[in-house]
Each structure stands twice: as structure tokens, then as C-alpha cells.
Amino acid sequence: MSAVEATPETTQPKGTPPRERQWFHSAVVYQVYPRSFQDSDGDGIGDLRGVVRRLDYLATLGIDVLWLSPIYASPQDDNGYDISDYQDIDPTFGTLADFDDLVAQAHARGIRIVMDLVVNHTSDEHPWFVESRSSKDSAKRDWYWWRPPREGMDAGAPGAEPTNWQSFFSGPAWELDEATGEYYLHLFSRKQPDLNWENPEVREAVYAMMRWWLDRGVDGFRMDVINMISKDLPLRDGRVLDHGPYADGSPFYICGPRIHEFLQEMHREVFAGRSEKLLTVGEMPAVTVDEAVLFTDPARREVDMVFQFEHVGLDHGEHKWDRRPLELAELKASLGRWQAGLAEVGWNSLYWNNHDQPRAVSRFGDDGQYRVESAKLLATVLHLHRGTPYVYQGEELGMTNVPFAAHDDFLDIESVNYYRAALGLGRSPEDVLEALREGSRDNARSPVQWDASPHAGFTTGEPWFPVNPNHAEINADAELADPDSVFHHYRRLIELRHSDPVVADGDFHMLLPEHPSIYAFTRSLDTQTVLVVANFSGDDQPVDGLPGEEDWGAAELVLGNYPEPGAGLPPLRPWEARVYRRRA
Ligand code: TEU
């Protein structure tokens, strides 16, 4: 949030020397999904007092910022991303007093608190929507997107929806309200009606809510699907998708015509004049590098960074449930493009997974024989890129995907709805189950594994979601006790980012872009250069063709995930990653 500090010299015209260092360049963010983090009252659901209980653990890990997925009052149709009261805590998670205590105790440990801002939509149980649907003449009717049935069609008739868009959670993106005979837009579930940001009253209500949380000590926001708030009017039909009756409406709501105007207005109304070092990160499905430069250029006062989705879509075919193998060269090309694209202006977020993505080690690594090595390799590669790393709860323990047995093991609305819709479109149950096993968000939502006890120390009650049976082996107690564990490898990487400016601000340079198994790059700042070499395969890989190879042979080994490799640049063992440093 550089507005406060943004004096003329901090905004840099093209081609000038590297920008001013921002505090979050050397920060690491830890994401907590409260339902699955730590239960403190035995009801089987994680809560705020549970987070407080684990603050020392997080301080030991060394993270700087805690991003809390939604904890607001909510009917939990989408696990909290459907909010019915923005200024109260859901009783499942605790009270405002519990929240204030969490903020105080986190700040006492130098950890900032970032809230999840979900304002593209509310819950259909939010008083705003209850009033809006009450009548066509409601003062809040225009706070949401209401439309009559498609011209010449009766309300409720198949295809009578105002546009042919598909919801992210399968089915149409419009729901008929029988009482008023009109449809309302919901890009996600029917219990998540989209807010109409064209209405200045809506925007002011959101800004007031955000100021309320900042006044309460919050240090920033992760903004949910924030690049969907500006719709391209008039709302009209999209191209019908090959795999179903509905169409892709994204051209009419991804990075819409007023998105930069809205984010700059938000910045002026909420953040300008605030001195605290705040953090804003916009979750932006389908955002491009060029758009991200505009969104994250400090001189434009929009957001500090964005979550882009390119690298978490490389193993998708036509859609996320159409899985295909990931090619390392494609991954390098994608992440390399984002590094280069935001090298001069803007800033990257760095993540392998979150509460919407399968577990990183199962997806990008090897969660079998080389689970520990590949978990450390993924951390090494990600944390030494240029940008702010995000650690998703349990990632620092090397937690894996969940061994789902049957379709009714899935609880996530996106997976449950997709299973039903896919069968309706003739896909075989076995086939869909396999796709869910690989791609379901539920893989990320099993409770954090704190110890080897029956419910992994997550709860003394019955967990809302079964604990992964591999918690007997994979758990925080075991990791903390083993100095060579995945946990301590994350701790060392975070220490490196805190202590070494080349990690926080060094220029990024990709090497061996076409190599099918080796991911290699350098970071350089002033006289220092750091080399990262990583073997994304289960076979030994010679490190041939590396520019300046002979020089690296004598360099200092800063970090590795195997016992000492020996002199020179010996071949990389399966899933081995090494970090070298040399001074010019
Ligand atoms: O996710 C938006 C989003 O893009 C995801 O829905 C994504 O498409 C999908 O999960 C990939 O499988 C945000 C939140 O992170 C998510 O948890 C919410 O369900 C969604 O918005 C609606 O608020």
C-alpha cells in the first residue's frame, strides 16, 4: 500500500534503475483456512482461538503475514466465501473479541493479519440481498444484477436465463426469483449473488466496511475474484462451451471496463493517508502479465500484487476436470514470463497451492518415494523466485492430497455440483471420480496434521472433514523434531529471504528453458549471484550446458535438500535442489 509512502521519487518512469524496495519484497505470507487449521472447542471445526494457539508455531516458521480465509458470519454454502455479515465473526469461528485477541497476539509476534475481502458477491442471506429481492421497487434492487427472462420466453423455461453464462460451480449463472419473476446473477453458487459495482452506494458500503476492519488493526486484504467486479455492459450471451449447454461469460466480467477505475477509487477511499504498512493482493483468474503490470504498478495505486492462475492451469485440458500431464518446460515458460513481465514494474505473488488447489507435492512433486525431497525442492524453487511467497497451511509439512474413496467423500460445492453435472452430460462415474481425486479443492481442506494422534491434534471432537490417514507419518510434531524436515527447510528459506537482499530484490534469469527435467535460474544483485538448480524427476540428471558452469563448480553451496553433494556440479539426484552463491 505505497500510496502513503508514494512520494514522487517512488514512482519510476520506464527504464530507470530498479524501484524502491517495498517491505513485502522480503516478506512471506502464510494462508490459514480456519475450518481446517486448529479447533479449540471440540466441535470438530477450526476456529480463531485455535489460530491463536498456533501463533508460536508460525513465529518459529518465521512468516511475516497471516492471511485468514473468510471468518465472517456466513451460511457456509461455500465455506465462508458467502458472507451474510461483513462486520461480525461467524460463531463457528468465535467472536469479535477472539478476533481482536488474535490481532493483538499476532502483532506482538511481529505477524500482520490480512483478511479475505469477498465483495464480488455476498450471501443470499445478507440483509442487502434480502432487501434487494423483496420487491422490484426495493431501494436496494440495483445493488445486485436483476434481469427479466430472455425476450419472448417465460420465466423458468429452459434457456430463459437473461444470458447463457455458466456458473463456476456448474449450471446456469442466473437464478429465478419466483416472487418477482426476475433472475439474479451469481457467477458462483446460487447462494452467492453478485454485487452491482456500477452502483456507487454499493462501492461506498464496501469501502466503509474495509475502513472499519483497518481501524480494528487489520493489515490488509486478499481480494476475492476482484477482477470480476466490473461487468461489460450490456450483459450478453457468450460462446457456448464444447462441454455443456452453457457458455463462457468471462469476456463480459474478467477485467471489465471500469476495473482500474474501481480499484483506484478503493485505494483513494480506503488506503490513502494510512501510514501502516498494509498489504493488498487481488485474486484475479485469467489475468494477463500486461494487465498485472497495470494492477501492481505502485504509481497507479491499485494493488500490491495479484494471484494469477496460469501455472495452476497448465495441467488442465478443456477445463479443470479434464486433466493432462504437466510439462516442465511449459511451467518454466509460464513462470519465466511472469518474472520477466514484472521485472521492471509491478510485483509477483508466488504460490503452488491454496484452499482452491490440490496439494503442491502431489501435483507438482512426488508424494510417494520422494515426498520429502520434492516438497523441499518445490519450496526452494518457489521461494527463490522474485516475488512474495505464499505458504498454504500444511504445505510446510509436506501434506499430500487426500485418498478419496468415493464421490460422496467430497464436500466442496464445486466438486459436488460438478459430479452431478458431469454425470448429466454422460461422463462415467469412475472417470469423474478420478478427475475429482486429482483436481478437487477438498484435497487442500483436510485438517492440518499437528501430531500422530487419532485426529492429528486438530480437534478433541469429530473433525468436520476426515484427517488424512498419513498423519501418523506426516505431522508437525515429527517435523519440528527432525532438523532435516520439510518444516525446517521452509524455515531456512524464509530466513534467507529475510537476510539476503539478492533473494528479495535480485534480478531473475531463467536457464535451460527447454530442459525437460531441470529447473534452473539465477538471481543477481550488485556483486552477488545465486544459482538454483532443481531436478523435477525421479532419475539422476547431469547439470550440463549451464552458462558459466565451470565457475559454479567452486561456488558456495547455500542450501540443498540432500546430504552434501560434493565438489563441482555433480549430477542432481532424484528431486534434488541446490542453491549456490558466488560473488563477482
Ligand atoms: O476462487 C475463485 C476461483 O477462481 C476459484 O473458484 C477457482 O476457479 C476454482 O476454485 C478453481 O477450482 C475464489 C475463492 O478462492 C474460492 O474459494 C471461492 O469459492 C470463490 O472465489 C468464490 O468466492
Side-chain angles (χ1 to χ4, degrees), residues 29 31-36 67-72 74-84 86 114-124 126 129 165-171 173 185-195 206 221-229 241 248-250 253-255 281-287 306-323 349 351-360 363 390 392-393 401 410-419 421-422 432 435-445 465:
V29 182
Q31 180 193 0
V32 162
Y33 193 70
R35 284 184 80 80
S36 304
W67 152 29
L68 290 167
S69 274
I71 53 174
Y72 315 93
S74 161
Q76 304 292 327
D77 185 58
D78 182 20
N79 287 0
Y81 281 90
D82 51 311
I83 297 169
S84 53
Y86 286 108
V114 161
M115 296 288 271
D116 214 310
L117 180 77
V118 187
V119 290
N120 172 70
H121 44 267
T122 68
S123 164
D124 65 345
H126 191 293
F129 186 73
W165 301 352
Q166 174 164 292
S167 153
F168 279 86
F169 295 158
S170 303
L185 176 66
H186 61 88
L187 293 180
F188 294 90
S189 91
R190 63 166 61 86
K191 286 185 69 58
Q192 291 169 299
D194 279 50
L195 279 167
V206 169
F221 296 97
R222 175 266 186 192
M223 303 180 180
D224 193 62
V225 287
I226 202 69
N227 66 331
M228 296 183 186
I229 60 178
L241 298 160
D248 170 17
S250 65
Y253 56 73
I254 291 286
C255 295
V281 51
E283 184 206 27
M284 297 195 180
V287 70
V306 301
F307 286 135
Q308 54 95 359
F309 282 61
E310 224 175 73
H311 62 304
V312 292
L314 297 173
D315 53 3
H316 296 178
E318 262 188 56
H319 50 86
K320 72 168 282 179
W321 307 114
D322 172 20
R323 315 298 297 185
S349 69
Y351 73 97
W352 285 130
N353 52 186
N354 55 39
H355 63 294
D356 289 339
Q357 304 293 334
R359 288 274 177 191
R363 185 185 195 179
Y390 287 73
Y392 178 60
Q393 65 180 40
N401 279 355
F410 294 94
L411 303 179
D412 170 36
I413 185 171
E414 183 189 49
S415 300
V416 170
N417 287 6
Y418 179 70
Y419 184 81
V432 181
L436 289 177
R437 280 199 181 110
E438 266 194 63
S440 174
R441 308 189 302 177
D442 274 338
N443 280 303
R445 299 175 181 192
F465 194 110

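The residues of the chain are indexed from 1 along the displayed sequence. Note that ligands are numbered from 1 as they come in the structure, with each ligand's atoms numbered from 1 the same way. Reckoned from all heavy atoms, side chains included, excluding hydrogens, waters and symmetry mates.
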So if I apply the ring-ring contact (aromatic ring centres under 6.0 Å, His included) rule between Tyr418 and each of Phe410, Trp321, Phe168, which one comes out positive?
Trp321
Could you list the residues that satisfy side-chain contact (heavy atoms from CB on, under 4.5 Å) with Asp315, not counting sequence neighbours?
Arg323, Leu326, Arg363
Take Lys320 and Asp356 through the test salt bridge (charged side-chain N to carboxylate O under 4.0 Å, His left out) and record every step on the way to the result.
CA-CA 12 Å; Lys320 72 168 282 179; Asp356 289 339; over 6 Å; no
Considering residues at least two apart in sequence or located in another chain, which fulfil the side-chain contact (heavy atoms from CB on, under 4.5 Å) criterion with Ser84?
Ala73, Pro75, Ser123, Glu125
For ligand 1, find each of its N or O atoms that sits under 3.5 Å from a protein N or O atom, and tabulate the pairs with distances to one decimal place.
residue  : atom   : partner : partner atom : Å
ligand 1 : 1 (O)  : Glu283  : OE2          : 3.1
ligand 1 : 1 (O)  : Asp356  : OD2          : 3.2
ligand 1 : 10 (O) : Arg441  : NH1          : 3.2
ligand 1 : 12 (O) : Lys320  : NZ           : 2.3
ligand 1 : 12 (O) : Glu414  : OE1          : 3.2
ligand 1 : 12 (O) : Glu414  : OE2          : 3.0
ligand 1 : 15 (O) : Arg222  : NH2          : 2.9
ligand 1 : 15 (O) : Glu283  : OE2          : 3.4
ligand 1 : 15 (O) : His355  : NE2          : 2.9
ligand 1 : 15 (O) : Asp356  : OD2          : 2.4
ligand 1 : 17 (O) : His355  : NE2          : 2.9
ligand 1 : 17 (O) : Asp356  : OD1          : 2.8
ligand 1 : 17 (O) : Asp356  : OD2          : 3.3
ligand 1 : 17 (O) : Arg441  : NH1          : 3.4
ligand 1 : 19 (O) : Asp78   : OD1          : 3.4
ligand 1 : 19 (O) : Asp78   : OD2          : 2.5
ligand 1 : 19 (O) : Arg441  : NH1          : 2.9
ligand 1 : 21 (O) : Asp224  : OD1          : 3.0
ligand 1 : 21 (O) : Asp224  : OD2          : 3.1
ligand 1 : 23 (O) : His121  : NE2          : 2.9
ligand 1 : 23 (O) : Asp224  : OD2          : 2.7

Just so I know, are the side chains of Arg441 and Ile413 near enough to count as touching, which here means a heavy-atom distance under 4.5 Å?
yes
So, using side-chain hydrogen bond (donor to acceptor under 3.5 Å, both in side chains) as the criterion, who are the partners of Glu283 when residues are at least two apart?
Arg222
